[in-house]
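Numbering of ligands and ligand atoms starts at 1, following listing order. In what follows, every heavy atom counts, from backbone to side chain, and hydrogens, waters and symmetry copies are set aside.
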Amino acid sequence: MKIISISAYQVFDSRGNPTLETEIVLENGLRGRGTVPSGASTGQFEALELRDGDAKRYRGKSVFKAIANVQDILAPALQGRDVFDQAGLDQAMITLDGTPNKGRLGANALLGISMAAAQAAAAAQGEPLFAYLGRGRGNLLPLPEIQILGGGAHANWRTDVQDFLLIANGARSYAEVMEMTHNVYHAAGDILKQRGKYFGVADEGGYWPEFKTNEEPLQLLVEAIERAGYQPGRDAAISLDIAASDLFDEPTGTYHFALERKKFSTPEFAALLADWCARYPIISIEDPMADTDWLGWQMIFKALGRRVQIIGDDLFTTNFERIRAGIKKGLANAVLIKLNQIGTVTETMAAIRLTQEAGWLPVVSARSGETEDAFIAHLAVATNAGQLKVGSFSRSERMAKWNEVIRIERELAGHAQFIGGEIFRKILPDQ
Ligand code: PGA
Ligand code: ZN
């Protein structure tokens, strides 16, 4: 099935920033679209997001160069090719770019095409995207990781810790996760209203965190779980994204909590996190240490790795070689998976496979700047990844993904599987 045209144009993400959408038309007239998300607390090892940097247009954030790279370089090379050859299309783009970080053409230019090709191919096959991508083998509904409070780069640094999330590990179905999350999210909102601390939501839909310390939100989460009628730890547990690369001062090798005017050496920071894990029902921590502090990662993994999921986001940036090095060194037991950190669907799926083959868990993730594109819901099911992180339980760019899983479950009918918190048995012998 031949591609007859590829076009790209500028649309806008959930923060109102420009991003790129790509449309592919096939010889039978069917189409596929891909809309590229964008991070705010991006890792230094991510593939390059090409923006124009022209202060007079969209405050430097327009993506007209990436669009031109699609129209002038990538499209002419790919038109006429078979849309079912996803790996071949992605490899051709990687070769045309020719840099290790997609810095010439832009990872956003490549990813729009890569996502659109998969969508168009699924349409041509007459299959939903998850079935096409998973070659019919994907049927595991993901356990969601849902943000209740959003701090860090997503809330003007109101707290240093970036994400305070909920994992409904006791839920027996995806529908039950939705119900529990709804109840806990709104219970947290009620508590904030009663305390005069309800100030709307941050970038990913979690409540704006108005606190004096980075620990107070943990107490609020426990209270919200209880107020909603659940038992913390058994029914619903806490997950954190520390996003520690943003807190790390490289020259002095120290971690900083600006909110509390506190500084920590690597062992002190590891001890703080271990103490939180001893006193709160925390089941997962993402980026507990900075992406360059590998000794810190080994330290935290040694302390917590048998009972807490330790996820590398900035550490791995969905990059095959970085994940492979991390597996060798035993830095973590899970990998955050973001399409735009690496720039093609093929490389993203290879990163997921590598993670699974090592006995680690992949967590498919959205970005803080999202769109209505629900590609990642399909990717999670297609690969039987088992977990999905999309931000909170409000704002339609987030709900679009949670709702898409509901549609996929209907599509799978009796074949859908949900194992919920059981997934952690694969990595956490002491849970
Ligand atoms: P980002 O944040 O999309 O702003 O990078 C998400 C995360 O750190 O997981
Ligand atoms: Zn993260």
Side-chain angles (χ1 to χ4, degrees), residues 13-17 19 35-49 51 61 107-108 111 142 144-167 201-206 209 238-248 255 273 282 284-293 297 300 308-319 322-323 326 331-332 334-343 348 351 355 361-371 373 375-376 380 385 387-392 395 397-398 401:
D13 72 14
S14 56
R15 285 189 276 247
N17 288 331
T19 188
T35 320
V36 179
S38 175
S41 82
T42 48
Q44 60 179 319
F45 302 107
E46 293 192 20
L48 182 99
E49 176 183 79
R51 295 201 178 266
K61 286 194 177 290
N108 43 351
L111 182 60
E145 205 186 330
I146 301 186
Q147 188 194 63
I148 304 297
L149 297 145
H154 307 151
N156 198 27
W157 298 102
R158 199 52 207 79
T159 54
D160 301 284
V161 172
Q162 181 180 285
D163 293 333
F164 298 90
L165 312 109
L166 185 82
I167 295 184
V201 301
D203 282 8
E204 296 192 2
I238 296 174
S239 165
L240 300 173
D241 183 358
I242 309 292
S245 300
D246 290 341
L247 311 178
F248 192 56
Y255 292 87
L273 297 179
I282 295 170
S284 179
I285 305 186
E286 180 176 329
D287 283 349
M289 294 284 164
D291 47 13
T292 50
D293 187 6
W297 278 89
I300 200 96
V308 177
Q309 173 172 251
I310 306 289
I311 311 173
D313 171 14
D314 291 350
L315 177 67
F316 297 131
T317 56
T318 318
N319 180 307
R322 293 188 65 82
I323 298 167
L331 300 184
V335 179
L336 207 73
I337 300 289
K338 291 167 167 169
L339 284 154
N340 78 327
Q341 281 183 328
I342 193 66
T348 304
T355 303
L361 299 179
V363 181
V364 175
S365 173
R367 299 308 306 244
S368 52
E370 264 300 327
T371 75
D373 193 317
F375 193 106
I376 56 170
Q387 292 179 83
L388 182 61
K389 180 190 182 208
V390 179
S392 195
R395 299 179 53 137
E397 82 278 5
R398 312 291 148 187
K401 279 71 158 176

Are any N, O or S atoms from [X] nearer to the Zn ion (ligand 2) than 2.8 Å?
X	result
D313	yes
D314	no
E286	yes

Atom 9 (O) of ligand 1 - nearest protein heavy atom and its distance
K389 NZ, 2.9 Å
When you measure from the side chain of [X] to the backbone N and O of [Y], does any donor-acceptor pair fall under 3.5 Å?
X	Y	result
T19	V36	yes
D13	G16	yes
D287	D313	yes

Is D314 close enough to touch ligand 1? Criterion: a residue heavy atom under 4.0 Å from a ligand atom.
no
Is S365 in contact with ligand 1, taking contact as a heavy-atom separation below 4.0 Å?
no
Which is the closest N/O/S atom of D241 when seen from the Zn ion (ligand 2)?
OD2
Nearest neighbour of atom 6 (C) of ligand 1 from the list Q147, R367, K338, on a heavy-atom basis
K338
In terms of its nearest heavy atom to atom 4 (O) of ligand 1, the top option of S368, P37, G369 is S368
Working for side-chain hydrogen bond (donor to acceptor under 3.5 Å, both in side chains), residues Q341 and T317
CA-CA 5 Å; Q341 281 183 328; T317 56; 5.5 Å; no
D241 heavy atoms within 4.0 Å reach ligand 1 at atoms 7 (C), 8 (O), 9 (O)
Which of the numbered atoms in ligand 1 are under 4.0 angstrom from any heavy atom belonging to E286?
9 (O)
Is there a polar contact, in the sense of an N or O pair closer than 3.5 Å, between [X] and ligand 1?
X	result
R15	no
D313	yes
D163	no

Taking NZ, NE, NH1 and NH2 as the nitrogens, is one of them in [X] or [Y] under 4.0 Å from a carboxylate oxygen of the other?
X	Y	answer
E46	R367	yes
E286	K389	yes
E370	R395	no

Nearest heavy-atom approach of F375 to D373 is N-OD1, 2.9 Å
Any idea which part of D287 is under 4.0 Å from ligand 1, heavy-atom wise: side chain, backbone, both or neither?
neither
side-chain contact (heavy atoms from CB on, under 4.5 Å) test vs F316 passes for just one of T355, V335, I342, namely V335
